[in-house]
Amino acid sequence: QVQLVESGGGLVQPGGSLRLSCAASGILFRVHSMGWYRQAPGKQRELVASISRGGQTNYVDSVKGRFTISSNNAEKVVYLQMNSLKPEDTAVYYCQCRAGPDDYDYWGQGTQVTVSS
């Protein structure tokens, strides 16, 4: 059974930093990409950052220059380094993994990130 477990969320002040981790367990035939989504109250879920098996990265404009996604394919772990955090970054962050020949999406349970003074 595939399971994604996020960690690293919490409460930080504006301008602070957090590092999110997502560890995948179980059998994954082939990982095509991994990413981080977030959803804030009253807002739609959005893709924050993604990284492909080949190392290509993509970021939503609002986090460019502040967030960095990285992964260790051998260990099946993906990270999101978040710097210069803003109150608008407050959301539940979800880890996502697209894998297998059918491009099935697996999801973590989410971790709360709150940016507030």
Side-chain angles (χ1 to χ4, degrees):
Q1 182 175 340
V2 175
Q3 184 176 15
L4 303 180
V5 179
E6 302 102 332
S7 62
L11 173 65
V12 296
Q13 294 185 348
S17 298
L18 283 174
R19 181 177 171 86
L20 304 183
S21 299
C22 174
S25 62
I27 299 176
L28 290 170
F29 289 98
R30 183 176 180 87
V31 176
H32 299 293
S33 65
M34 298 189 74
W36 290 94
Y37 287 75
R38 68 185 180 188
Q39 186 165 24
K43 297 182 179 180
Q44 296 186 3
R45 185 183 66 180
E46 67 174 348
L47 175 63
V48 179
S50 65
I51 183 167
S52 71
R53 184 177 183 86
Q56 293 178 302
T57 58
N58 186 52
Y59 300 91
V60 67
D61 286 344
S62 61
V63 309
K64 288 181 178 178
R66 300 189 297 119
F67 291 10
T68 302
I69 188 170
S70 61
S71 66
N72 184 321
N73 291 336
E75 300 294 329
K76 295 186 291 185
V77 178
V78 64
Y79 305 95
L80 185 67
Q81 178 67 46
M82 305 185 294
N83 299 326
S84 302
L85 284 162
K86 305 175 181 179
E88 52 262 44
D89 295 318
T90 296
V92 177
Y93 284 70
Y94 298 93
C95 177
Q96 177 255 10
C97 175
R98 179 165 291 177
D102 297 326
D103 290 344
Y104 186 84
D105 288 340
Y106 300 91
W107 294 89
Q109 80 287 350
T111 184
Q112 177 71 47
V113 172
T114 301
V115 185
S116 176
S117 59

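Just the heavy atoms: all of them, side chains too, but no hydrogens, waters or symmetry mates, feed the values below.
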Enquirer: Out of curiosity, Y104 OH to H32 NE2, how far, rounded to the nearest 0.5 Å?
Expert: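 That separation rounds to 14.0 Å.
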Enquirer: What are the two closest non-hydrogen atoms of R66 and L85, and how far apart are they?
Expert: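 Closest approach of R66 to L85: NH1-CA, 3.9 Å.
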Enquirer: Between T111 and E6, which heavy-atom pair has the shortest distance, and what is it?
Expert: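 Here T111 and E6 meet closest at CG2-CB, 4.0 Å.
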Enquirer: Measure up the Y94 and W107 rings against each other and bin them: parallel (under 30°), tilted (30 to 60°), perpendicular (over 60°).
Expert: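 If you compare the ring of Y94 with that of W107, the planes turn out perpendicular.
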Enquirer: With distance as the sole test, does K76 use its side chain to make a donor-acceptor pair with the main-chain N or O of V31 at under 3.5 Å?
Expert: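 A pair under 3.5 Å: no.
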Enquirer: Same cluster for I69 and L4 if Ile/Leu/Val/Met/Phe/Trp/Tyr side chains link at under 4.5 Å?
Expert: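 Yes, because I69 and L4 connect within a single hydrophobic cluster, where side-chain heavy atoms sit under 4.5 Å apart.
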Enquirer: Do L11 and Q112 make a side-chain contact, defined as non-hydrogen atoms from C-beta onward lying under 4.5 Å apart?
Expert: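 No. Closest side-chain heavy atoms not under 4.5 Å.
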Enquirer: Sequence neighbours left out, what passes ring-ring contact (aromatic ring centres under 6.0 Å, His included) with Y59? Give chain and number order.
Expert: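 For Y59 there are no ring-ring contact (aromatic ring centres under 6.0 Å, His included) partners, ignoring immediate neighbours.
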Enquirer: Provide the closest heavy-atom pair for V78 versus M34 in the form atom of the first, atom of the second, distance.
Expert: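 Heavy-atom minimum between the residues: CG1-CE, 3.6 Å.
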Enquirer: Applying a strict under-4.5 Å side-chain criterion to I, L, V, M, F, W and Y, I'd like to know whether V92 and V12 cluster together.
Expert: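 Per the 4.5 Å side-chain linkage, V92 and V12 are not co-clustered.
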Enquirer: Measure across N72 and E75 and return the closest heavy-atom pair with its distance rounded to 0.1 Å.
Expert: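 So the two residues come closest at OD1-N, 3.0 Å.
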Enquirer: Tabulate below the donor-acceptor pairs under 3.5 Å that side-chain atoms of residues 42-53 make, not counting sequence neighbours, or state none.
Expert:
from : atom 1 : to  : atom 2 : distance (Å)
E46  : OE2    : R38 : NE     : 2.7
E46  : OE2    : R38 : NH2    : 3.0
S52  : OG     : G54 : N      : 3.3
S52  : OG     : G55 : N      : 3.4
S52  : OG     : Q56 : N      : 3.1

Enquirer: Would you please test K64 and D61 for salt bridge (charged side-chain N to carboxylate O under 4.0 Å, His left out) and show each step?
Expert: CA-CA 5 Å; K64 288 181 178 178; D61 286 344; 3.0 Å; yes
Enquirer: So, taking the atom named CG in D102 and the one named CZ in R30, what distance separates them when rounded to the nearest 0.5 Å?
Expert: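 One gets 14.0 Å once the value is rounded to the nearest 0.5 Å.
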Enquirer: Indicate, with yes or no, if V77 and L18 share a hydrophobic cluster defined by side-chain heavy-atom contacts under 4.5 Å among Ile, Leu, Val, Met, Phe, Trp and Tyr.
Expert: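 Hydrophobic grouping puts L18 apart from V77.
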Enquirer: Flag yes if V115 and V60 sit in one hydrophobic cluster, no otherwise; membership is Ile, Leu, Val, Met, Phe, Trp, Tyr, and two members link when side-chain heavy atoms are under 4.5 Å apart.
Expert: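 Hydrophobic grouping puts V115 with V60.
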Enquirer: So do the side chains of W36 and C95 get within less than 4.5 Å of each other, counting heavy atoms only?
Expert: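 A side-chain contact under 4.5 Å exists here.
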Enquirer: Does the distance from C97 SG to C22 SG come in under 2.5 Å?
Expert: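 Cysteines C97 and C22 do not qualify as a disulfide pair, their SG atoms being 2.5 Å or more apart.
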Enquirer: Atom CZ in F67, atom CG in L20: separation rounded to 0.5 Å?
Expert: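 Here the interatomic distance stands at 8.0 Å.
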Enquirer: Ignoring hydrogens, what is the shortest heavy-atom contact between S84 and S17? Give both atom names and the distance.
Expert: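 Looks like N-OG, 4.3 Å.
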Enquirer: Looking at every heavy atom in both S117 and P14, which two are closest together, and how far apart are they?
Expert: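 Heavy atoms of S117 and P14 come nearest at N-CD, 3.7 Å.
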